J.: 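Please read through the structure below; I'll follow up with questions.
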Amino acid sequence: MKATLATCNLNQWALDFDGNCDRIIESIELAKAAGAKYRLGPELEITGYSCEDHFLEEDTLQHSWESLACIINGGHTDGILCDIGMPVMHKSVRYNCRVFVCDGKILLIRPKKILAAEGNYREPRWFAAWQKGWTTEPFQVPPEIFAITANRTVPIGCAVIVTHDTVLASETCEELFAPYSPHIDLAYNGVEIIANGSGSHHELRKLDTRLSLICNATDKCGGVYLYANQQGCDGGRLYFDGCASIAQNGEILAQGSQFSISDVEVVTATVDLTDVRSYRGSRMSGAVQASHATSIPQIYADFKITDSQNRPVTLPKTHLNIHLPEEEIALGPACWLWDYLRRSEAAGYFVPLSGGSDSGAVATLVGSMCQLVAKGIFDDVPHVIRDAEKLLGTDFVKKVKIDFNDPSTAAQHIANQLLYTCYMGTANSSRETQRRAKELASEIGSYHLNINMESLVIAMHKLFTSITGKTPKFKTEGGSTIENQALQNIQARLRMVISYFFAQTLPWVRNRRGTLLVLGTGNVDEALRGYLTKYDCSSADINPIGSISKTDLRSFLHWAKDHLGYPSLNGILEAPPTAELEPITETYTQTDEEDMGMTYSELSRFGQLRKTHRCGPVSMFEKLVQEWNHLPPSEVADKVKRFFCYYAINRHKMTTLTPAYHAEPYSPDDNRFDLRQFLYNTRWTWQFRKIDRMLEEMESE
């Protein structure tokens, strides 16, 4: 009773019906070539997961059926049972569905029972959950489907598919994560193959949780579990991180890549279904529960999943591929950047390179992207070569393969075409940061410029004086806080203006078409604290590090200097983080942590407690006064108050944050991941008064 089963990672793109359809067809044909009789695809693969309010449009639903008709009419479902994700409207209600198609016939439309509605997900805005339990009812198929199949009506609802040799069914993404998952009832109804078409995004340190849930599902109930996922940026801030997997009886048999710039990856495993029956038969407690389980409707298919081919059974993996967080940072944003670049058809990226760790990390990520592209070209990956030729030219791609002996050298030449870096110095900048920026740019291979913009700063200064008759001064020169901040912001905002000017014109200077996308260089902790100038270099087109903490970024840079081959990062890591916007004197040197009044590690913890643990000022103080017991309670109270004051004062900046790669569960990304107001009472009178009373009680004790 051996069966070969296939699941896949697909790099879909919201509303790209032609491309999505082609990738689905390619995955089906690859599954067939591997001998599979069942193929599982990701959630909403026909439309792309991130259509969002486009799901409200009738066009999106209509094009989904037209795409399915193309797949069926091309004979691609002949000889294979395909589980395809798409939106379906039934009785004027939209559902997120799995559509089972075999030999050109639709067997079942299975709506999602449990919708994702937290964090980045708002599925209930566009879809209804199937509330009718384990039931089905007739669904009248559209004319374009009726014209090419024997179907006039098909069952819609929650049921299982019964073939000649096994029983299979599906659950979708969030249903795996729910406390009472459908796979429990399915297993108790004799379902041996459970499939999960998912749209699950990358978040640092998240993959282990997902794999554990998959293993646990089959360890408790027995059976085979297939997991499919999107992989790539399909139009938004999320990177869907693939890792299609197949598990059996609590062990992973096959695992796809988590980060890849390939468009289609099919993962297969050959299983012996008698192993499932033996495993379940040995679990008598499960047998007792199954004997009185809820009955689920059955849809009969004149089809066999098993075959007579004597393929060897896939053995459990002895080692799961779970990346270190530093590797996740190196790969996830790099793949996201490649998707964004190739699909936007821009000429490349522009990075204001300051010689500090944040801009250095952004440039390093583009370098990592170029290394992935070079490897894809050397490995003859068709999708990569096609996109590289579109961006760089056919002759350049051929030259890369012919003239360079290894991908690392080729990556530098690719970076010289796709990455433009620029050091923008003023009188407050140091030679050390200028040198560090130049060294890193050289190692990555970017097209690098060095600009002294002091004349522009002076011109702005003179303009203000000529109009107002007053001359603002830095605090080191005796100026007020307002003067000091204004003079710093002049430099910061001019860098943004220069960045966009050069991003639009540098390709023209090099006789290339198009413009560059400006990359933001602010990390999640600085955004959370508001330690950035509104409309400075934090304002860009996209930001690959906008949801990554300073602590994780520094760990990534330590890793990258050895594993990506950029040793100059060591000098960047040794230097204290500084904005270099104020004059340096014998008694004063500007540093970020001193400016902020808190350390980056403290900021990360504030962010985690505020968002992930849902703490207001009082509950945050209660937790930290125990956690930071090396500090007196009064100092903890001061730190909490300072954080919430600055958070409230600067919350308006979150409304203009550059769209950033999502990586941390405490991202302050306004109106996407973090739905909080931006106008606050910054005095927090009630909350701070309560903290003061608690502090008095602690001190009296």
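Sequential numbering from 1 along the given sequence is applied to the chain's residues. Everything quoted here is computed from the prediction, not taken from an experiment.
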J.: Are Glu171 and Ser181 linked by a side-chain donor-acceptor pair shorter than 3.5 Å?
T.: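 There is no such pair between these side chains.
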J.: Under the 3.5 angstrom rule, does the side chain of Glu45 hit a backbone N or O of Gly85 as a donor-acceptor pair?
T.: yes
J.: Could you walk me through whether Arg125 and Asp53 pass the salt bridge (charged side-chain N to carboxylate O under 4.0 Å, His left out) test, one step at a time?
T.: CA-CA 8 Å; Arg125 180 180 174 97; Asp53 280 3; 2.8 Å; yes
J.: Within the side chain of Asn9, is there an N or O that forms a donor-acceptor pair under 3.5 Å with the backbone of Ala244?
T.: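 A pair under 3.5 Å: yes.
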J.: Let me see the working for Ile71 and Cys21 under side chain to side chain contact (heavy atoms under 4.5 Å, CB included), right down to the final yes or no.
T.: CA-CA 7 Å; Ile71 295 168; Cys21 199; 3.7 Å; yes
J.: Checking side chain to side chain contact (heavy atoms under 4.5 Å, CB included) against Val160, which of Val191, Asp185, Ile193 comes through?
T.: Val191
J.: Say whether, by atom type as modelled, one donor and one acceptor occur between the side chain of Ser547 and the main chain of Ala663 under 3.5 angstrom.
T.: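 Side chain of Ser547 to backbone of Ala663: a pair is present.
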J.: For Arg386 and Asp263, run salt bridge (charged side-chain N to carboxylate O under 4.0 Å, His left out): C-alpha distance rounded to whole Å, both residues' side-chain angles, the deciding distance at 0.1 Å, then the answer.
T.: CA-CA 11 Å; Arg386 179 198 63 208; Asp263 279 352; 3.3 Å; yes
J.: Asp379 side chain to Val381 main-chain N or O, any donor-acceptor pair under 3.5 Å?
T.: no
J.: Do Phe396 and Gln417 have side chains that approach each other closer than 4.5 Å (heavy atoms only, starting at C-beta)?
T.: yes
J.: Would you find a donor on one side and an acceptor on the other, under 3.5 Å apart, between the side chain of Thr77 and the backbone of Gly104?
T.: yes
J.: Between Tyr661 and Pro544, which heavy-atom pair has the shortest distance, and what is it?
T.: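 Looking at all heavy atoms of both residues, the shortest contact is CB-O, 3.7 Å.
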J.: Do Val313 and Gln248 come close enough that some side-chain heavy atom pair is under 4.5 Å?
T.: no
J.: In Å and rounded to the nearest 0.5 Å, what is the CG to OG1 distance from Leu44 to Thr60?
T.: 11.0 Å
J.: Verify, without hydrogens or angle tests, whether Arg343 (side chain) and Cys233 (backbone) share a donor-acceptor contact under 3.5 angstrom.
T.: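 Yes, Arg343 side chain to Cys233 backbone: donor-acceptor pair under 3.5 Å.
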J.: Can you check side chain to side chain contact (heavy atoms under 4.5 Å, CB included) on Tyr227 and Ser200, steps first, answer last?
T.: CA-CA 11 Å; Tyr227 179 87; Ser200 186; 3.3 Å; yes
J.: Are His202 and Trp336 packed together at the side-chain level, in the sense that at least one heavy-atom pair is separated by less than 4.5 angstrom?
T.: no
J.: What's the separation between atom CZ in Arg98 and atom CG in Asn196, rounded to the nearest 0.5 Å?
T.: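 Going from CZ on Arg98 over to CG on Asn196, the span is 8.0 Å.
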J.: State whether the side chain of Glu43 and the backbone N or O of Gly199 hold a donor-acceptor pair below 3.5 Å, judged by distance alone.
T.: yes
J.: Would you compute the distance between atom CD of Glu192 and atom CD1 of Ile305 and round it to the nearest 0.5 angstrom?
T.: 11.0 Å
J.: Between Thr306 and Lys2, is any pair of side-chain heavy atoms under 4.5 Å apart?
T.: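 They are not in side-chain contact.
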J.: Kindly compute the distance separating CG (Leu40) from CG (Leu226), expressed to the nearest 0.5 Å.
T.: 6.0 Å
J.: Treating Gln231 as the side-chain partner and Ser257 as the backbone partner, does any N or O pair qualify as donor plus acceptor under 3.5 Å?
T.: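 Here the side-chain-to-backbone pair exists.
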J.: Salt bridge (charged side-chain N to carboxylate O under 4.0 Å, His left out) between Lys105 and Asp302: does it pass, once the steps are laid out?
T.: CA-CA 11 Å; Lys105 180 181 179 182; Asp302 186 14; over 6 Å; no
J.: Please report the closest heavy-atom contact between Leu418 and Ala347, naming both atoms and the distance.
T.: CD2-O, 3.8 Å
J.: Whether the Asn249 and Asp275 side chains hold a donor-acceptor pair (N or O, under 3.5 Å, no angle test) is what I'd like checked.
T.: no
J.: Tell me if the centroids of the rings in Trp65 and Phe139 come within less than 6.0 Å of each other.
T.: yes
J.: Going through the distances and angles, do Lys375 and Ile261 end up as a side chain to side chain contact (heavy atoms under 4.5 Å, CB included)?
T.: CA-CA 10 Å; Lys375 186 177 185 304; Ile261 56 173; over 6 Å; no
J.: How far apart are the closest heavy atoms of Val400 and Ala410, and which atoms are they?
T.: CG1-CB, 3.5 Å
J.: Got a second to check how far Leu519's CG is from Leu365's CG, nearest 0.5 Å?
T.: 9.0 Å
J.: Kindly assign one of parallel, tilted or perpendicular to the pair Phe55 and Trp126, based on the angle between their ring planes and the thresholds 30° and 60°.
T.: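 The rings of Phe55 and Trp126 sit tilted, inter-plane angle from 30° to 60°.
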J.: State whether a side-chain donor-acceptor pair under 3.5 Å links Gln258 with Asp241.
T.: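 Yes - a donor-acceptor pair under 3.5 Å links their side chains.
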J.: Does His201 have its ring centroid less than 6.0 Å away from the ring centroid of Tyr49?
T.: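 No, the ring centres sit 6.0 Å or more apart.
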J.: Taking it one step at a time, do Met369 and Ile414 satisfy side chain to side chain contact (heavy atoms under 4.5 Å, CB included)?
T.: CA-CA 10 Å; Met369 179 199 82; Ile414 292 170; 6.0 Å; no
J.: Counting distance only, does the side-chain N/O of Glu175 pair as donor-acceptor with the main-chain N or O of Lys113 below 3.5 Å?
T.: yes
J.: So, do Leu675 and Arg122 sit near enough that their side-chain heavy atoms are less than 4.5 Å apart?
T.: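 Contact flag for Leu675/Arg122 side chains = yes.
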J.: Are the side chains of Leu337 and Ile542 in touch, meaning some heavy atoms are under 4.5 Å apart?
T.: yes
J.: Rounded to the nearest 0.5 Å, what's the gap from CG on Leu186 to CG on Leu168? Could you check?
T.: 10.5 Å
J.: Looking at side-chain heavy atoms only, is the closest gap between Ser262 and Asn11 below 4.5 Å?
T.: no
J.: Mark yes when over 12 heavy atoms from residues, nucleotides or ligands other than Lys132 sit less than 6.0 Å from its NZ; otherwise mark no.
T.: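 Yes, because the 6.0 Å sphere around NZ of Lys132 holds more than 12 heavy atoms from other groups.
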J.: Taking the side chain as C-beta and beyond, is there a heavy-atom pair between Pro111 and His90 under 4.5 Å?
T.: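 Of all side-chain heavy-atom pairs linking His90 with Pro111, none is under 4.5 Å.
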J.: Strictly below 4.0 Å, N to O, side chains only: are Lys32 and Asp78 in salt-bridge contact?
T.: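 Salt bridge: no.
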J.: Would you say His662 and Asp669 are linked by a side-chain donor-acceptor pair, where the criterion is simply a distance under 3.5 Å?
T.: no
J.: Under 3.5 Å, is there a donor-acceptor pair between the Gln62 and Glu66 side chains?
T.: yes
J.: Would you confirm whether Asn189, through its side chain, and Ile296, through its main-chain N or O, come within 3.5 Å as a donor-acceptor pair?
T.: yes
J.: Given Tyr38, which partner from the list Thr4, Thr268, Asp83 fulfils the side chain to side chain donor-acceptor pair (under 3.5 Å) test?
T.: Asp83
